[in-house]
Structure formats: C-alpha cells, structure tokens
Amino acid sequence: VSQSRYMERYPNDRAIVYIYNKQINSRLRDLRSFRNAVQSNKNYTPKQKKDIIDQIDLEQNYIKRGMIETFRQYGVNP
C-alpha cells in the first residue's frame, strides 16, 4: 500500500502518532525514569519507596487512560 493510499484510508494516524510521541510518551518516559530512580535510591525506607511508587503508578495510569480516551476520539478503540 502506498503512503498516499494509506493516508487516505487512515487520515488520523499521523495525528495519533504525533500526539503519542510529543505529549504522552515523553511524560511516561519521565515518570518511568523517576520511578527507577526512586527504586534504586537507598535513602528511602521501603515504605517511602512504596508510597512514592504508588503515586507514580497512579499518575501513569491516569495518563494512559487519557490516551485511550483521546485516541477514541480519533476512531481508535483498544
């Protein structure tokens, strides 16, 4: 399938990829990096680590839920 034919069939794909790459992926990458830093930090107690990681996981889940809702508006259903 040629690129022009593909874009005719799936006109929203370019917007979806842009949104993911420029908005969602960078935020998730930053949170993963922060989560890894917390996990490897020896200055936190296990309870402190768990509390921080739970908050990071919650924020990641909110971002992912938002991604699903945004992509649904473009006709993508997971």
F34 side, atom CZ; Q55 side, atom CD - distance, nearest 0.5 Å: 10.5 Å
Reported CG-to-CD1 distance for the pair N21 and I16, which is rounded to 0.5 angstrom: 12.0 Å
Test item: R32 and Q60 side chains (from C-beta on) under 4.5 Å apart, heavy atoms: yes
Gap between atom CG of D57 and atom NZ of K64 - 0.5 Å precision: 8.0 Å
Separation of M67 CE from Q23 CD (nearest 0.5 Å): 12.5 Å
Nearest atoms (heavy-atom pairs only) where N43 meets Q48: O-OE1, 4.1 Å
Donor on one side chain, acceptor on other, D13 and Y74, under 3.5 Å: no
Donor-acceptor contact below 3.5 Å, side chain T70 vs main chain G66: yes
Non-hydrogen atoms of K49 and Q39 that approach each other most closely: NZ-O, 3.0 Å
F71 side chain reached by I19 side chain, heavy atoms, under 4.5 Å: yes
Nearest-0.5 Å distance that lies between atom CZ in R9 and atom OG in S4: 10.5 Å
Hphob cluster co-occupancy, V76 + Y20, side-chain heavy atoms under 4.5 angstrom: yes
CZ (R72) with more than 12 external heavy atoms under 6.0 Å: yes
Gap between atom CG of N61 and atom CD1 of I56 - 0.5 Å precision: 12.0 Å
Least distance between heavy atoms, I63 atom then L28 atom: CG2-CD2, 3.9 Å
